[in-house]
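In what follows, every chain begins at residue 1, and chains take the letters A, B, ... in the order their sequences are listed.
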2 protein chains.
Amino acid sequence: MGAARRLDDTFAALADPTRRGVIDLLREQPLRAGELAAAFDMSPPAMSRHLRVLRKTGLVQEDAVEDDARVKLYRLRPERFSELRAWLDEVEAFWGEQLQSFKEHAERTRAKKRP
Amino acid sequence: MGAARRLDDTFAALADPTRRGVIDLLREQPLRAGELAAAFDMSPPAMSRHLRVLRKTGLVQEDAVEDDARVKLYRLRPERFSELRAWLDEVEAFWGEQLQSFKEHAERTRAKKRP
DNA sequence: CAGATGGTTAACGTCAGCGTTAAATATTGC
DNA sequence: GCAATATTTAACGCTGACGTTAACCATCTG
């Protein structure tokens, strides 16, 4: 149940193009909150909330930088992506049975109509 | 660009728990629109719209059943899931470089402050 | 200490998504 | 032809997400 709720949040997080864009940028290098806001021509508060969403789902993580305590450096976190991959694997595990099931359902329906 | 838009829709489609539930059921066997509505204790119109969303993203496909032209049988369509997997692969391709990039960014920041 | 800088929270408006019921469309079977 | 069945479309209300600006907190710097 907890896992399902987390998947909800994960997919919702990824549904937003800005957030997917953020992930795309962080793929190459960690970036500061302000740099990300600028990259998407967006107000800092708006980006801040996107980052909160990504943090909450665990897709992203904020690190401090030793020189300046005001700066938050954001980077990706692999674990949650693995979870997503696990879901995909589970769904795709059943392709082979689809055709067979289709035939079975046809049988089932026909049987109901002609008992 | 078209692909990005489609990813938007795909993730948005999967963000809804009902629609993920539908996919979960269809994984085992194709089902009728009415059967799906009943399975989630939901009005037929509500389910109909969920199915429209899933159809639009191509995650699901509607087939006719030869006996009764009123009935629409829904089943999964593997192709779009592959597309999702491709996105995941792309994102995950860069894990190895993360640590290195982190160091580089630290350098970059420090250099800016002490030129 | 005063001002500037980096970031987040608060308050507000707008728009899109989800559910419901009522109506419409198409098909079946007597 | 006419009632029943399967599904979709239409119209309505509500709630939640996203963006903006203003205010707030912490930290750095001269």
Side-chain angles (χ1 to χ4, degrees), chain A residues 5 8-22 26 30-57 60-75 105-106 108-110 112-115, chain B residues 5 8-22 26 30-57 60-75 105-106 108-110 112-115:
Chain A
R5 180 86 191 97
D8 273 17
D9 294 341
T10 302
F11 279 118
L14 296 175
D16 185 279
T18 300
R19 286 192 291 259
R20 271 208 322 288
V22 166
L26 294 186
L31 290 169
R32 304 162 41 161
E35 289 176 321
L36 287 166
F40 291 91
D41 199 37
M42 173 176 290
S43 69
M47 179 53 71
S48 180
R49 263 179 46 188
H50 281 304
L51 291 174
R52 176 166 37 162
V53 170
L54 289 171
R55 239 185 296 128
K56 211 156 198 167
T57 63
V60 141
Q61 149 182 14
E62 101 181 358
D63 291 314
V65 54
E66 63 279 359
D67 286 356
D68 190 336
R70 291 172 300 179
V71 173
K72 315 266 179 88
L73 200 55
Y74 281 91
R75 74 217 259 320
H105 185 282
R108 194 155 55 81
T109 303
R110 200 170 297 119
K112 202 179 278 176
K113 297 193 71 172
R114 295 170 187 137
Chain B
R5 180 86 190 95
D8 273 18
D9 294 341
T10 302
F11 278 119
L14 296 175
D16 185 278
T18 300
R19 287 192 290 260
R20 272 207 322 288
V22 166
L26 293 186
L31 290 170
R32 303 160 42 161
E35 289 175 320
L36 286 168
F40 291 90
D41 200 36
M42 174 177 287
S43 69
M47 179 54 69
S48 181
R49 263 180 44 188
H50 282 303
L51 291 173
R52 173 163 44 158
V53 171
L54 289 171
R55 237 185 297 128
K56 212 155 199 169
T57 63
V60 141
Q61 149 183 13
E62 101 181 359
D63 291 314
V65 53
E66 64 279 1
D67 286 356
D68 189 335
R70 291 171 300 178
V71 173
K72 315 266 180 86
L73 200 55
Y74 281 92
R75 73 217 264 310
H105 185 283
R108 193 156 55 84
T109 304
R110 200 169 297 120
K112 204 179 277 175
K113 297 193 68 174
R114 297 170 185 137

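- Rounded to whole angstrom, the span from the CG atom of B:Leu36 across to the C1' atom of C:dG19 amounts to 17 Å.
- Residue A:Ser48 places no side-chain N or O under 4.0 Å from the OP1 or OP2 atom of C:dG7.
- Straight-line distance from the CG atom of A:Asp41 to the C1' atom of D:dG19: 12 Å, rounded to whole Å.
- A close approach under 4.0 Å does occur between a side-chain nitrogen or oxygen of B:His50 and OP1 or OP2 of C:dG19.
- For A:Leu54 and C:dT8, the CG to C1' distance is 16 Å, given to the nearest whole Å.
- B:Met47 has its CE atom 14 Å from the C1' atom of D:dT8, to the nearest Å.
- As rounded to whole Å, 20 Å separates atom P of D:dA26 from atom CZ of A:Arg32.
- Nucleic acid contact for A:Phe40: none, since no nucleic acid atom lies under 4.0 Å from a heavy atom of the residue.
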Chi angles and distances behind the side chain to side chain contact (heavy atoms under 4.5 Å, CB included) call for A:Val60, A:Glu62: CA-CA 7 Å; A:Val60 141; A:Glu62 101 181 358; over 6 Å; no

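- Nearest-nucleotide mapping onto DNA chain D: of B:Pro44 and A:Val53, the residue sitting toward the 5' end is B:Pro44.
- Protein atom CG of B:Asp67 is 14 Å distant from nucleotide atom P of D:dA6, rounded to whole Å.
- Atom CZ in B:Phe11 sits about 22 Å away from atom P in C:dA16, given to the nearest Å.
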Set out, in order, the CA-CA distance, both residues' side-chain angles and the distance that settles side chain to side chain contact (heavy atoms under 4.5 Å, CB included) for B:Asp16 and B:His50, then state yes or no. CA-CA 9 Å; B:Asp16 185 278; B:His50 282 303; 3.6 Å; yes

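- Two residues are said to be in side-chain contact when any heavy atoms from C-beta on lie closer than 4.5 Å; B:Tyr74 and B:Glu35 fail this criterion.
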Pairs: protein N or O with nucleotides 11-13 of chain D N or O, under 3.5 Å:
none

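- Rounded to an integer number of Å, the gap from CZ of B:Arg52 to P of D:dA10 is 8 Å.
- Contact annotation for B:Ala46: base contact, defined as any heavy-atom pair under 4.0 Å involving a base atom.
- Applying the salt bridge (charged side-chain N to carboxylate O under 4.0 Å, His left out) criterion to A:Arg20, with sequence neighbours excluded, gives B:Asp8.
- Contact of B:Arg70 with C:dT28 (side chain to base): no donor-acceptor pair of N or O atoms is detected under 3.5 Å.
- Distance from the side chain of B:Asp16 is smallest for C:dC18 among the nucleotides C:dC18, C:dG7, D:dT27.
- In terms of phosphate contacts, B:Ser43 brings a side-chain nitrogen or oxygen within less than 4.0 Å of OP1 or OP2 of C:dT20.
- At the phosphate of C:dT8, OP1 or OP2 sits under 4.0 Å from a side-chain N or O atom of A:Arg55.
- Here A:Phe11 pairs with A:Trp87 under the ring-ring contact (aromatic ring centres under 6.0 Å, His included) rule; sequence neighbours left out.
- In this structure a side-chain-to-backbone donor-acceptor pair under 3.5 Å is present from A:Arg19 to A:Ala13.
- Among the protein residues, B:Met42 comes within range of the sugar-phosphate backbone only, with heavy atoms under 4.0 Å from sugar or phosphate atoms but none that close to a base.
- Among the nucleotides D:dC28, C:dA22, D:dT7, the one closest to the side chain of B:Ala33 is D:dT7.
- At least one side-chain heavy atom of B:Thr18 sits under 4.5 Å from a side-chain heavy atom of B:Met42.
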